[in-house]
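Sequence lines set the chain letters: A, B, ... in the order given, protein chains first and strands last, and positions in each chain run from 1.
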Amino acid sequence: MLHPGYEPSRRGVARRAAPRAPHGTRCASRAASRRIVVVPPSPALVRERVGAWFARAARDLPWRAPDRTPWGVLVSEVMLQQTPVVRVEPVWREWMARWPGPADLAAAPTADVLRAWGRLGYPRRALRLQDCAHAITERHDGQVPDGLDELLALPGVGAYTAGAVTAFAFGRRAVVLDTNVRRVLARALDGVALPHPHQTVAEVRRAEALVPQDDAEAAEWAAASMELGALVCTARSPRCGECPVADLCAWRLAGFPADEHAARRRTQAWAGTDRQCRGRVMAALRAADGPVPRAGIDWPDPAQLDRALAGLVEDHLAEQTPDGYVLPR
DNA sequence: GACTCGTGGTC
DNA sequence: TGACCAAGAGT
């Protein structure tokens with residue numbers, strides 16, 4: 001049990017004195033008068049601890065169920081891009097019941113697909129997922145490919161998603177470096193509050209070196225390290241008291257130093273942005289049975305509305321008809 | 001590399 | 001209250 005003083009404050013940065021280092025590790029506070037040296041923990045020990053924690057703490061998510069399919073895993077990964085699990089789960093369930101396989105989604109009207117996507121956000125992902133379904137039915141005989149290069153060639157599948165599908169759908173070794181894992185590694189190994197704003201090559205290389213050689217162990221490490229970041233080593237207020245590697249964590253041993261890159265993390269603008277305007281248009285098109293006239297969209301800036309409509313048509317998220325705008329068929 | 005792309009919950 | 005952030009990808 002950790003002393004309460006070891007917990008970061010609710011704002012994620014310690015405001016009290018640096019914690020004492022546990023027995024057997026280099027003491028940061030004592031070393032402060034010379035240099036702070038943190039000995040990186042052994043990867044094998046970290047994996048063992050995180051794996052044991054995962055075995056009892058893992059969430060029961062439908063795309064992890066024994067009857068999951070590679071397609072279901074792929075759908076979940078695309079939906080989860082920049083989107084919290086709690087919002088994805090109900091949409092995923094309805095989606096998979098309606099379109100169980102790639103061929104089913106490929107055959108669906110795009111308007112139905114966009115409506116089913118609902119308010120998950122970034123509706124271009126829905127388009128890419130359907131493009132993905134087309135590619136899989138045409139190029140891969142309806143089966144999600146199990147090769148990294150083939151996965152990467154699919155629309156909407158980047159390095160993260162290709163690795164995640166490789167590990168979670170096929171149980172094979174892959175580097176799975178998402179925002180959760182990046183944060184866990186930055187804290188536990190580098191002793192910093194948050195990773196660099198942008199993923200670096202060195203970071204990927206380090207993550208790759210941490211992945212076990214064995215397929216099953218690698219897949220478990222991917223799931224477990226992500227889950228730790230999602231449930232315990234969270235961005236805002238980490239639950240160090242529940243962390244299986246708290247006693248090894250370089251960030252904690254260094255006294256929870258504040259984020260060095262805080263000034264470089266631009267906050268996402270929202271009110272009055274093109275993005276908000278596009279969202280407003282899409283919501284109107286999803287809700288309508290027929291064409292939506294331009295005047296039927298509530299937006300204060302006419303020029304910005306025109307820009308958003310043109311952009312949505314350009315992105316194939318909307319079509320213009322004589323009577324107004326509609327979702328694409 | 002810097003930008004862009006939705007939405008809603010959290011603290 | 002509003003800034004922050006969530007299993008990224010494409011250009």
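Residue pairs meeting the ring pair (Phe, Tyr, Trp, His ring centres under 6.0 Å) criterion with at least one member in residues 145-176 of chain A, sequence neighbours excluded, do not occur. Within the structure, side-chain hydrogen bond (donor to acceptor under 3.5 Å, both in side chains) contacts touching residues 39-53 of chain A (residues at least two apart or in different chains) are A/R49-A/D247. Within the structure, salt bridge (Lys or Arg N to Asp or Glu O under 4.0 Å) contacts touching residues 59-77 of chain A (residues at least two apart or in different chains) are A/R59-A/E227, A/R64-A/E227. A ring pair (Phe, Tyr, Trp, His ring centres under 6.0 Å) check over residues 184-224 of chain A, counting only residues at least two apart or in different chains, returns the pairs A/H196-A/H261. The stretch residues 283-297 of chain A participates, sequence neighbours left out, in these side-chain hydrogen bond (donor to acceptor under 3.5 Å, both in side chains) pairs: A/R294-A/D306. Residue pairs that meet the ring pair (Phe, Tyr, Trp, His ring centres under 6.0 Å) test with at least one member in residues 94-117 of chain A, sequence neighbours left out, are A/W95-A/W99, A/W95-A/W117.
Other residues sharing a hydrophobic cluster with A/V281 under the 4.5 Å side-chain heavy-atom criterion for ILVMFWY residues are A/L114, A/L127, A/M282, A/L285, A/V292, A/I297, A/W299, A/L305, A/L309, A/L312, A/V313, A/L317, A/Y325, A/L327.
Distance, A/W299 CH2 to B/dG6 P: 12 Å, rounded to whole Å. Across the protein-nucleic acid pair, A/E314 atom CD and B/dC5 atom P stand 13 Å apart, rounded to whole Å. Separating the CZ atom of A/R275 from the P atom of B/dT4 is a distance of 8 Å, rounded to the nearest angstrom. One interatomic measurement links the two molecules: CH2 of A/W117 to P of B/dG8, which rounds to 14 Å at whole-angstrom precision. Regarding A/L120, its CG atom lies at a distance of 10 Å from the P atom of B/dG8, rounded to whole Å. In this structure, the CZ atom of A/R307 is 11 Å from the P atom of B/dT4, given to the nearest Å.
Counted by atom type alone, A/R205 and A/T200 present zero donor-acceptor pairs between their side chains at under 3.5 Å.
The stretch residues 277-295 of chain A touches DNA chain B through A/R278, A/G279, A/R286, each having a heavy atom under 4.0 angstrom from the strand. Applying a 4.0 Å cut-off to non-hydrogen atoms, none of the residues of residues 201-218 of chain A approaches DNA chain C.
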A correct 5'-to-3' footprint of nucleotides 4-11 of chain C, with B, S and - meaning base, sugar-phosphate only and no protein heavy atom under 4.0 Å, is BBBBBSS-
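Contact check on A/R307 versus A/E314 returns no salt bridge, with no Lys/Arg side-chain nitrogen under 4.0 Å from an Asp/Glu carboxylate oxygen.
Not counting sequence neighbours, the partners of A/W63 by the ring pair (Phe, Tyr, Trp, His ring centres under 6.0 Å) test are A/W92. Scored by the side chain to side chain contact (heavy atoms under 4.5 Å, CB included) test, A/A224 finds A/V50, A/F54 as partners (sequence neighbours excluded).
B/dT4 and C/dA7 are spaced 23 Å apart, taking the P atom of each and rounding to whole Å.
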